[in-house]
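Every chain is numbered from 1 and lettered A, B, ... according to where its sequence line falls, protein lines coming before strand lines. Values below: every heavy atom of this structure, side chains too, minus hydrogens, waters and symmetry copies.
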Protein chains: 2
Amino acid sequence: MTDPVERLGPQELGTYFVLLEALSLLQHQVEQQVQADGGLSYIQFQLLGRLVGAEGPLTMTQLADGVVYSRSGLTYQAGLLEKAGLITRAPSPDDERATLVSITDAGRELFHRVLPGHVEVTRRMLFDSLTADDLDHLGDIMTRVRDHMRAQPPRSAAPRKRRPKNN
Amino acid sequence: MTDPVERLGPQELGTYFVLLEALSLLQHQVEQQVQADGGLSYIQFQLLGRLVGAEGPLTMTQLADGVVYSRSGLTYQAGLLEKAGLITRAPSPDDERATLVSITDAGRELFHRVLPGHVEVTRRMLFDSLTADDLDHLGDIMTRVRDHMRAQPPRSAAPRKRRPKNN
DNA sequence: CGGGATTGCTTCGAAGTCGAAGCACGTTGT
DNA sequence: ACAACGTGCTTCGACTTCGAAGCAATCCCG
């Protein structure tokens with residue numbers, strides 16, 4: 001592809017573009033599957049997965065920390081999940097402000113019904129074209145990238161800090 | 001208690017999750033920068049970039065092919081870009097159905113004003129934590145993944161999906 | 001040629017998303 | 001104890017997104 005972009009970044013931009021393109025395709029496929037098998041958006045699936053993985057109930061804030069998602073959007077999605085009987089919300093006994101979110105049996109059941117297809121799709125889409133060495137390297141790379149990004153303060157500093165840190 | 005997660009393999013699942021998480025973070029940062037520097041959504045930036053890279057005008061369909069995006073959404077975004085004077089739309093002389101989209105000088109100028117910051121952000125977010133070998137391997141891996149996904153049968157042929165609801 | 005299927009795009013309505021503002025509880029300082 | 005501020009979540013309004021339906025031009029095939 002003759003791209004004037006190429007002048008500003010050599011191999012890096014190519015990698016970047018193909019990375020984003022691949023991600024878009026993967027996300028799209030995953031979204032389709034999760035919707036078809038469980039009537040869930042991917043966000044909802046992620047939220048259920050997070051609750052399944054957690055020991056007990058989580059606050060809204062803890063829930064949002066795992067998914068890159070706005071607070072108001074989380075409220076909306078939690079409302080949908082609650083109405084569908086997949087989670088429950090109750091005020092925390094320790095802190096009346098906080099809302100504790102718990103997964104119901106139905107939610108757990110649905111998650112485990114959707115997961116196999118999810119795994120199947122990701123394997124077919126992603127892992128079938130990877131060798132064990134690729135997988136190893138990819139995991140290593142992305143872990144470092146993730147940590148690096150998490151450490152980077154955004155250009156516009158955090159709109160709202162969630163913990164009193166030393167600053 | 002057969003755990004379907006175990007069948008995929010903990011390493012694969014972990015890689016998958018960290019991949020999605022990292023790319024979510026990257027996308028979020030990129031979105032911020034493009035918005036801050038040019039008042040554009042990432043979709044709009046992509047569309048301009050595609051038009052800049054093209055030799056001449058593109059049809060709406062050609063434009064949509066590069067970006068994973070719905071047709072109606074593209075119509076909407078093209079409307080915004082046109083109203084902002086960044087592109088123009090005109091019926092094709094060859095095919096009266098088709099709409100030819102061209103980038104204006106203002107659009108080209110804006111794109112090139114935003115691009116350096118874009119490159120800078122992606123470099124800082126993504127490539128600073130990668131070695132040359134990482135970059136090489138990552139590009140190779142994702143190219144294969146992308147091609148693999150592109151080759152997969154489209155979602156029109158859904159083999160055996162349980163229907164969540166009657167539609 | 002002519003009629004139906006196909007293609008390219010837009011319109012429309014429902015739903016999702018986000019940031020800002022609002023509400024309620026908690027914490028701190030006096 | 002009270003006021004003032006901070007924190008956790010929800011509500012609100014504006015905007016975006018998507019699929020389905022609609023419209024018009026083109027293609028296909030007799």
Side-chain angles (χ1 to χ4, degrees), chain A residues 24 27-29 31-32 34-36 39-47 57-65 67-84 87-102 154 156-165 167, chain B residues 24 27-29 31-32 34-36 39-47 57-65 67-84 87-102 154-156 158 165 167:
Chain A
S24 286
Q27 276 188 334
H28 195 256
Q29 290 303 313
E31 196 102 10
Q32 298 291 111
V34 167
Q35 178 65 46
L40 296 170
S41 68
Y42 183 62
I43 283 288
Q44 293 171 338
F45 179 73
Q46 273 187 303
L47 293 176
L58 298 175
T59 67
M60 297 292 277
T61 298
Q62 288 173 325
L63 211 45
D65 277 351
V67 251
V68 182
Y69 208 61
S70 70
R71 295 295 203 273
S72 49
L74 180 58
T75 294
Y76 176 75
Q77 289 294 344
L80 292 185
L81 289 174
E82 188 176 40
K83 196 155 57 182
I87 65 169
T88 59
R89 278 185 291 185
S92 165
D94 296 330
D95 187 338
E96 278 292 324
R97 292 168 304 180
T99 298
L100 288 183
V101 181
S102 308
S156 54
R160 201 175 184 180
K161 43 181 184 171
R162 48 186 171 77
R163 274 189 178 180
K165 275 197 159 185
N167 83 338
Chain B
S24 284
Q27 277 191 331
H28 195 255
Q29 289 304 311
E31 195 101 11
Q32 299 288 91
V34 167
Q35 178 66 46
L40 297 171
S41 69
Y42 183 62
I43 284 287
Q44 294 172 335
F45 178 74
Q46 273 186 303
L47 293 175
L58 297 176
T59 67
M60 297 291 276
T61 298
Q62 288 172 324
L63 211 45
D65 277 351
V67 197
V68 183
Y69 207 60
S70 71
R71 293 295 151 77
S72 50
L74 181 58
T75 295
Y76 176 75
Q77 288 294 345
L80 292 185
L81 289 174
E82 188 177 39
K83 195 156 59 180
I87 65 169
T88 59
R89 278 185 291 186
S92 166
D94 296 330
D95 187 339
E96 279 292 324
R97 292 169 303 180
T99 299
L100 287 183
V101 181
S102 307
R155 56 201 174 281
S156 47
K165 288 179 187 176
N167 63 341

Integer-rounded Å distance: C:dT10 P and B:L100 CG: 11 Å

Residue A:M60, side-chain heavy atoms: nucleotide from D:dG8, D:dT10, D:dA25 that is nearest: D:dT10

Distance (rounded to the nearest 0.5 Å) between B:L63 CG and B:L58 CG: 6.0 Å

Between C:dT10 (C1') and B:E96 (CD): distance, integer Å: 16 Å

Minimum heavy-atom distance between A:R89 and A:G79, given as atom pair plus value: NH2-CA, 3.4 Å

side-chain N/O B:Q62 vs C:dG8 OP1/OP2, d < 4.0 Å: no

Interatomic distance, A:L74 CG vs C:dT17 P [rounded to whole Å]: 11 Å

Contact under 4.0 Å: A:R89 side-chain N or O vs D:dT10 OP1/OP2: yes

Whole angstrom value for the distance that separates P of C:dT10 from OH of B:Y69: 13 Å

A:Q35 CD - D:dT17 P separation (whole Å): 18 Å

Rounded interatomic separation in angstrom, taking CG from A:D95 and C1' from C:dG26: 7 Å

Nearest-0.5 Å distance, CG of residue A:L47 to CG of residue A:L74: 6.0 Å

Sugar-phosphate, base or nothing in reach of B:T59, heavy atoms under 4.0 Å: sugar-phosphate

Side chain of A:R97 (C-beta onward), nearest among D:dG6, D:dT17, D:dC9: D:dG6

Separation of atom CG in B:L80 from atom C1' in D:dT17, rounded to whole Å: 12 Å

Candidates C:dA20, C:dC9, D:dC9 - which lies nearest the side chain of A:S72: C:dA20

Sugar-phosphate, base or nothing in reach of A:T99, heavy atoms under 4.0 Å: sugar-phosphate

Selected nucleotide, minimal atom distance to A:S70 side chain, candidates C:dC18, D:dC9, C:dT10: C:dC18

Spacing between B:L63 atom CG and C:dC9 atom P, to the nearest angstrom: 9 Å

Donor-acceptor pair, side chain of B:E96 and main chain of B:P91, under 3.5 angstrom: no

Passing candidate, side-chain hydrogen bond (donor to acceptor under 3.5 Å, both in side chains) with B:Q77, options B:Q44, B:Q46, B:E82: B:Q44

